[in-house]
Amino acid sequence: MGNDPMNNQISDVHIGQLASVGQIAAGIAHEVRNPLTSVKGFLQLLKEKSPDTYIDVAEAELNNALLTLENLLQVSKPDMEDELLSTFNLCAEIESILYLFQDQQYRVKLETNFENVDSAIVSGKRNQLKKTFFNLFKNAFEAIPDKGTIHVNQFIRDGYVYILVKDTGVGIPKDKCALLGTPFFTTKENGTGMGLTQVFTTIYQHGGRIEVDSEENVGTTFRIILPIDISHIQHGVVKLNIKNVESGNLKEYLLENQDVFEQHLLSEAVNVRDKINEIHTIGNIDLLGNAQKLVLFIVENRRHELMMFAQKEGEAWAKHSLTIAFKLEWLQAIRRVLWNFLYNFDRIRGTETNREEFFTLEKNINDLIDQFLNSFFISYTNYKEEVLQSQQEIIEDLSVPIIPIIDSMCILPLIGKVDNNRMLGMKEKVFNQISQHKIMTLIMDFSGVAIIEEEAILYLLKILEGISMMGCKTVITGIRPECVNTMIDLNLTITDKAETYGTLNQALEKYLMRRDV
Ligand code: ADP
Ligand code: MG
């Protein structure tokens, strides 16, 4: 092995400083360029009047200076600063940029490996980011003097998109490493030293990170780490690239920009977007389509349909046991994106909403969304409660199992804790069964009952009374000492209402034998 590979993780502070240096330099360049351009004009006039070789030299030097300024401005042009955010597929952009280097492929092998070809959706300044990757690829190709390979890998981890650009080029000497990204730092004869400055500025603006590994004569890897969700670095509303509609109608505007809305929504709902397919498979719920429907109901103030829709959705989410947190995140994302769209609608129409209008709109829209949420949750919980209720009924039914053993004789084995509620259920079932099946002897086995509540004992006595009124005889077996204690403490007895046996077996032996005789 040769030297240790340099592992240079450029710290955030350093990136920040470099980015500011780049921006300051660009700002100065902007100021200086105009007077220099005038000087250039005057030099030309002067040359026409009295040609002089010194003027030629001055002009050539001035042109050099202007070119340098031009390069500097490329890094952070004021109009680039103003670039609107958009949401796009990073992999698709990277592929289109790599395409520009096709003429190099006779000498440099290009290998790409994108894990999320379709889903590497990020929000950001698209042109700036395209330029960033162009600069990185250009450096990688330039670093390979003869033949070599460039790998471009993409993957997503913990909310970040990683793009790795790895070349088998000349590498970067250790002592030069700290200079990467500094404006005008170049080791190339015709280099500008502005490429990486643009890279650092842009990635920093997007809240991302850059890591560099390099080894001389082996190669260099640039690791670009971009957050998928940049909402935390955005303040307030975001200017979106949207289409205007002539009619100035809100609904038409939303329909016209439906794709932008969806992309934006996906970039906001970080956790839900990976679940869209799953939710579609499980519940046949089209989240994106439904979001569109919801938004239209809201802006058209179709309250009734909205409520019906909320009910239906609530039921569907309950029915398929879909995670409720996703619904909340989805709705919150819809609310944010809708407001952002309303802001942009106002902006591109160029009309200014007055304060009164704005607050009325705010009230109407947020009220409707709240009502949707209410309706949704009510219908969700109702559905769940109904399911619980019916399960409860099944359990209650099962907890009073009346088993016929021979004609007119049944066993009711009780287990677990006996409380008032259970007695209530038992009463109904016992009376019904006695009358239906003409039961004459009912054996209640208490051997599985550890606890019997005081109130339940009182109720049990009433049931025994009822059973005897119906002409049926009760036999109680297996009462445990704990239960007997409770009854004695309460001064209650059951022996006058039922025959008792120590165990179910004893009772059965007795009754079945008696019958056989
Ligand atoms: P330029 O390409 O015009 O020199 P950059 O800012 O793009 O300016 O790069 C600055 C310097 O960083 C380069 O001159 C080179 O020395 C070094 N560098 C950048 N990328 C690589 C790379 N992939 N391999 C080796 N050196 C690199
Ligand atoms: Mg470069």
Side-chain angles (χ1 to χ4, degrees), residues 2-10 14-26 29 64-65 67-77 80 94 97-98 100-101 103-105 107-112 127-153 162-205 208-225:
N3 294 339
D4 271 354
M6 138 179 99
N7 190 331
N8 176 30
Q9 299 199 351
I10 299 167
H14 187 47
I15 297 183
Q17 283 165 348
L18 287 174
S20 325
V21 170
Q23 277 169 323
I24 293 169
N64 278 340
L67 194 69
T68 307
L69 289 180
E70 211 43 61
N71 285 329
L72 190 50
L73 280 170
Q74 287 291 322
V75 176
S76 169
K77 274 190 201 163
M80 280 291 204
I94 288 176
I97 291 159
L98 284 172
L100 299 174
F101 294 91
D103 61 321
Q104 300 285 314
Q105 291 188 10
R107 61 174 197 102
V108 179
K109 203 166 136 208
L110 189 62
E111 285 188 357
T112 55
N127 288 327
Q128 288 276 40
L129 284 174
K130 277 167 85 165
K131 212 161 168 179
T132 288
F133 287 102
F134 177 84
N135 285 332
L136 287 172
F137 298 149
K138 187 164 178 281
N139 282 344
F141 278 101
E142 285 168 356
I144 299 172
D146 188 17
K147 283 193 188 307
T149 312
I150 294 175
H151 292 268
V152 182
N153 294 347
Y162 285 69
I163 311 282
L164 271 53
V165 182
K166 181 178 178 200
D167 64 60
T168 59
V170 291
I172 305 165
K174 228 172 190 153
D175 59 318
K176 296 284 182 317
C177 196
L179 293 171
L180 294 178
T182 312
F184 306 116
F185 164 68
T186 179
T187 54
K188 297 169 193 167
E189 208 170 310
N190 294 315
T192 60
M194 294 311 297
L196 286 182
T197 307
Q198 191 277 341
V199 171
F200 280 80
T201 310
T202 303
I203 299 303
Y204 180 70
Q205 277 181 359
R209 276 196 342 263
I210 300 168
E211 294 169 5
V212 190
D213 290 336
S214 188
E215 192 177 348
E216 270 186 271
N217 300 320
V218 175
T220 307
T221 302
F222 274 84
R223 207 171 295 123
I224 305 294
I225 305 160

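As a basis for the values below, the full set of heavy atoms in this structure was taken, side chains included, without hydrogen atoms, waters or symmetry mates. First listed ligand is number 1; within each ligand, the first listed atom is number 1. For the single chain, residues carry numbers from 1 onward in sequence order.
Near Gly191, with a cut-off below 4.0 Å to any heavy atom, the atoms of ligand 1 are 3 (O). Heavy-atom contacts of Ala143 reach the following atoms of ligand 1: 22 (C), 24 (N), 25 (C) (cutoff under 4.0 Å). Near Phe185, meaning under 4.0 Å from any of its heavy atoms, are these atoms of ligand 1: 10 (C), 11 (C), 12 (O). Residue Thr192 approaches ligand 1 through these ligand atoms, each under 4.0 Å from one of its heavy atoms: 3 (O).
In this structure, OG on Ser214 lies 7.5 Å from CG on Asp167, to the nearest 0.5 angstrom. Separating the CD atom in Gln128 from the OG1 atom in Thr132 is a distance of 6.5 Å, to the nearest 0.5 Å. For the atom pair CD1 (Ile203) and CZ (Phe222), the distance works out to 11.5 Å, reported to the nearest 0.5 Å. Here the NZ atom belonging to Lys109 is positioned 10.5 Å from the OG1 atom belonging to Thr168, to the nearest 0.5 angstrom. Once rounded to the nearest 0.5 Å, the distance linking OG1 of Thr112 with CG of Leu110 reads 6.0 Å. Put simply, CZ on Phe133 and CD1 on Ile163 are 4.5 Å apart, with the number rounded to the nearest 0.5 Å.
Scanning Thr187, Thr168, Thr182 for the heavy atom closest to atom 14 (O) of ligand 1 points to Thr187. Of the candidates Leu136, Ile172, Asn190, the one placing a heavy atom closest to atom 18 (N) of ligand 1 is Ile172.
Nearest to atom 12 (O) of ligand 1 among the protein's heavy atoms is Leu180 CD2, 3.4 Å. Looking only at heavy atoms of the protein, atom 2 (O) of ligand 1 is closest to Lys188 NZ, 2.7 Å. Regarding atom 23 (N) of ligand 1, its nearest protein heavy-atom neighbour is Asp167 OD2, 2.9 Å. In terms of protein heavy atoms, atom 7 (O) of ligand 1 is closest to Asn139 ND2, 2.8 Å. In this structure, the protein non-hydrogen atom closest to atom 4 (O) of ligand 1 is Thr186 OG1, 2.6 Å. Nearest non-hydrogen protein atom to atom 6 (O) of ligand 1 is Leu196 N, 2.8 Å.
Any protein N/O/S atom under 2.8 Å from the Mg ion (ligand 2) was counted, giving 1 altogether.
Residues Thr201 and Thr197 come closest through the heavy atom pair OG1-O, 2.6 Å. In terms of heavy-atom proximity, Lys166 sits nearest to Thr221 at CG-OG1, 3.3 Å.
Remark: Arg223 engages Asp213 in a salt bridge, criterion side-chain N to carboxylate O under 4.0 Å.
Look at Gly169 and you'll find every heavy atom at least 4.0 Å from all atoms of ligand 1.
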Q: Go through the steps to decide whether Ile150 and Glu111 satisfy the test side chain to side chain contact (heavy atoms under 4.5 Å, CB included), and finish with yes or no.
A: CA-CA 6 Å; Ile150 294 175; Glu111 285 188 357; over 6 Å; no
Under 3.5 Å, which donor-acceptor pairs do the side chains of residues 136-147 form with other protein atoms, sequence neighbours left out?
from	atom 1	to	atom 2	distance (Å)
Lys138	NZ	Glu142	OE2	3.0
Asn139	OD1	Lys188	NZ	3.0
Glu142	OE1	Lys188	NZ	2.5

